[in-house]
Participant: 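First, the structure itself, so that you have it in front of you.
Fair warning: this is a prediction, and the values are worked out from it, not measured in the lab. Numbers restart at 1 for each chain; the letters A, B, ... are given by sequence-line order, proteins then strands.
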2 protein chains.
Amino acid sequence: MDELTPRQAEILDFILRHRAEHGAPPTRAEIVTAFGFRSPTAAEDHLRALARKGAIDLRAGASRGIRVLADAANEAMQAGPQDRIPLIGRVAAGMPMLATESIEAHYKLDRQLFHPAPDFLLRVQGWSMRDAGILPGDLLAVKRTPIAENGQIVVARLGEEVTVKRFERHGSLVRLLPANPDFAPIRIDLERQELVIEGRAVGLIRDGGFSLA
Amino acid sequence: MDELTPRQAEILDFILRHRAEHGAPPTRAEIVTAFGFRSPTAAEDHLRALARKGAIDLRAGASRGIRVLADAANEAMQAGPQDRIPLIGRVAAGMPMLATESIEAHYKLDRQLFHPAPDFLLRVQGWSMRDAGILPGDLLAVKRTPIAENGQIVVARLGEEVTVKRFERHGSLVRLLPANPDFAPIRIDLERQELVIEGRAVGLIRDGGFSLA
DNA sequence: TCGGGCACTGTATAAAAAAACAGTTATCGA
DNA sequence: TCGATAACTGTTTTTTTATACAGTGCCCGA
């Protein structure tokens with residue numbers, strides 16, 4: 001979609017608000033009234049511009065034949081916070097996981113797909129969890145929780161590093177186990193080193209046809 | 001909202017589908033065409049009945065002045081077919097993949113999460129694709145397509161069996177390769193045996209904390 | 001300085017759409 | 001068996017709506 005002028009964005013916003021309120025898009029005449037124009041052509045011109053830029057679709061001949069295209073609607077609305085789950089990109093040192101700066105994108109999906117419901121997605125790097133079916137590029141669905149049970153796969157932070165591993169604790173000794181014999185387990189003594197559990201893996205999403213695996 | 005007759009529910013459903021497809025509710029004439037009526041009054045009467053029962057709101061004088069009230073929309077839609085992706089359960093012999101009988105559930109998720117957009121989800125059985133990170137219980141996102149390129153992971157049907165394997169073809173000889181040394185490749189000569197490619201794997205969803213892997 | 005996009009005015013008209021009026025047939029409960 | 005509701009046909013009228021045509025003024029980049 002091409003960039004809209006401020007005026008065009010106002011028109012698009014009005015169309016969305018009208019549709020939300022009345023269940024149907026406005027007519028040219030209704031746009032004219034709302035903006036105080038004195039000519040239907042003003043509205044017509046704006047609609048043509050919006051259609052040309054790919055924000056809407058005009059159905060010739062049909063009354064209220066304005067279809068707001070999906071991405072235009074998304075950009076205009078910051079969209080409901082519900083049902084949108086953030087994808088965490090590079091996690092800056094010392095910064096909380098869900099800091100706005102770290103959020104790379106938002107994906108719309110049903111959190112109920114996973115149990116328990118995840119709080120964010122994390123892109124997997126490296127092959128260390130290969131044998132658990134967790135591959136580089138996968139999106140790991142993570143439930144925020146500071147505690148973990150033995151055997152669970154956790155997102156842990158060790159200093160500046162964020163890592164995904166299987167969790168195992170005996171007393172104050174924690175082992176973060178990879179699922180790949182080519183990688184070595186990480187041992188931490190909680191009395192000497194700090195370990196932050198950022199959350200627990202509750203699911204996984206992979207985009208890709210696997211054709212290069 | 002009062003109880004709707006089956007016919008009235010059909011009309012309401014059409015209004016919702018029309019709105020989803022065209023961005024605006026239908027006119028009386030469009031309802032007439034869709035249902036094969038010979039008089040606009042048939043549509044008018046239905047709309048009046050729906051309004052009286054509280055399913056919709058009619059704006060007098062306005063074209064397409066039909067507002068579907070929130071609870072009516074919820075009851076009528078098992079939610080719009082859009083954004084909902086079917087999960088295929090046991091696939092009956094000889095039945096098309098997307099037959100209503102095979103659909104076990106619908107999940108709400110953004111198809112744009114995967115590229116290309118998938119048509120359905122399939123629950124993975126067995127460990128034969130383990131080394132491709134595809135584990136039993138995973139939901140495989142599948143794009144319907146009858147053709148496959150070498151190296152792609154496909155959903156294929158061999159007689160009554162549906163299987164997920166990596167595709168490789170040379171001439172009329174097809175090999176369906178597992179991603180696990182414990183399983184043997186399947187060889188098919190297209191001139192002797194029939195092979196139906198149901199689709200191509202475009203993504204994967206896993207629900208579970210991996211705690212038992 | 002020329003053309004194009006932007007943001008409008010003003011007028012006109014054909015087509016689309018709502019909505020009224022007058023009926024028919026059938027079902028169902030009081 | 002009466003009246004209400006449902007589900008329609010057929011016709012007409014008025015209003016709404018889209019859309020074409022002819023302009024104006026402004027700004028911007030080539």
Side-chain angles (χ1 to χ4, degrees), chain A residues 1-19 21-69 72 76, chain B residues 1-19 21-69 72 76:
Chain A
M1 195 183 86
D2 285 13
E3 207 52 47
L4 301 182
T5 67
R7 194 57 162 168
Q8 286 163 4
E10 277 186 72
I11 302 278
L12 179 59
D13 190 63
F14 172 71
I15 294 169
L16 287 166
R17 276 184 290 117
H18 189 283
R19 208 183 47 171
E21 194 174 340
H22 302 289
T27 63
R28 275 66 166 166
E30 284 161 348
I31 296 174
V32 162
T33 307
F35 286 83
F37 297 153
R38 295 191 193 166
S39 165
T41 312
E44 183 75 29
D45 284 355
H46 278 299
L47 293 177
R48 292 276 167 84
L50 286 170
R52 182 164 38 78
K53 294 190 174 180
I56 63 171
D57 207 65
L58 288 174
R59 260 201 308 156
S63 71
R64 303 178 192 273
I66 302 169
R67 191 171 76 220
V68 180
L69 299 176
Chain B
M1 194 183 88
D2 285 14
E3 208 51 47
L4 300 182
T5 68
R7 195 56 161 168
Q8 285 163 4
E10 276 187 71
I11 302 277
L12 180 59
D13 190 63
F14 172 72
I15 294 169
L16 288 164
R17 277 185 289 114
H18 190 283
R19 210 183 46 169
E21 193 173 341
H22 302 289
T27 63
R28 274 68 167 168
E30 283 161 350
I31 296 173
V32 162
T33 308
F35 286 85
F37 297 152
R38 294 189 192 170
S39 165
T41 311
E44 183 75 30
D45 284 354
H46 278 300
L47 293 178
R48 292 278 167 86
L50 286 170
R52 182 165 37 78
K53 294 188 175 180
I56 62 171
D57 206 64
L58 289 173
R59 255 197 316 152
S63 72
R64 302 178 194 275
I66 301 169
R67 191 171 77 219
V68 181
L69 299 177

Participant: Using a cut-off of strictly less than 4.0 Å, decide whether B:R48 has a side-chain nitrogen or oxygen near OP1 or OP2 of C:dA20.
Facilitator: yes

Participant: Can you tell me the distance, in whole Å, between the CD atom of B:E44 and the P atom of C:dC21?
Facilitator: 12 Å

Participant: More than 12 non-hydrogen atoms from neighbouring residues, nucleotides or ligands closer than 6.0 Å to CD on A:E10, yes or no?
Facilitator: yes

Participant: Under a criterion of less than 4.0 angstrom to any heavy atom of chain B, what are the 5'-terminal and 3'-terminal contacting nucleotides of DNA chain D?
Facilitator: D:dA6 to D:dT17

Participant: Which nucleotides of nucleotides 3-9 of chain C have their base under 4.0 Å from a protein heavy atom (B), which only their sugar-phosphate (S), and which neither (-), written as one string 5' to 3'?
Facilitator: ---SSBB

Participant: Using modelled atom types and a 3.5 Å cut-off, is there a donor and acceptor pairing between side-chain atoms of A:H18 and backbone atoms of A:A24?
Facilitator: yes

Participant: Over how many whole Å does the gap from A:R28 atom CZ to C:dA15 atom P extend?
Facilitator: 17 Å

Participant: Would you give the length of the straight line joining atom CZ of A:R17 to atom NE2 of A:H22, rounded to the nearest 0.5 angstrom?
Facilitator: 10.0 Å

Participant: Does the pair B:I66 and B:L58 meet the rule for a side-chain contact (heavy atoms from CB on, under 4.5 Å), with working shown?
Facilitator: CA-CA 5 Å; B:I66 301 169; B:L58 289 173; 3.8 Å; yes

Participant: Quickly work out the B:L58 CG to C:dA18 P distance and round it to whole Å.
Facilitator: 10 Å

Participant: Return the CD to CG distance between A:Q8 and A:L47, rounded to the nearest 0.5 Å.
Facilitator: 10.5 Å

Participant: What is the distance from atom NE2 of B:H46 to atom CG of B:L12, rounded to the nearest 0.5 Å?
Facilitator: 12.0 Å

Participant: Are A:R64 and B:E30 ion-paired here, with the side-chain N under 4.0 Å from a carboxylate O?
Facilitator: no

Participant: Can you check whether B:L69 reaches B:R67 side chain to side chain, under 4.5 Å on heavy atoms?
Facilitator: yes

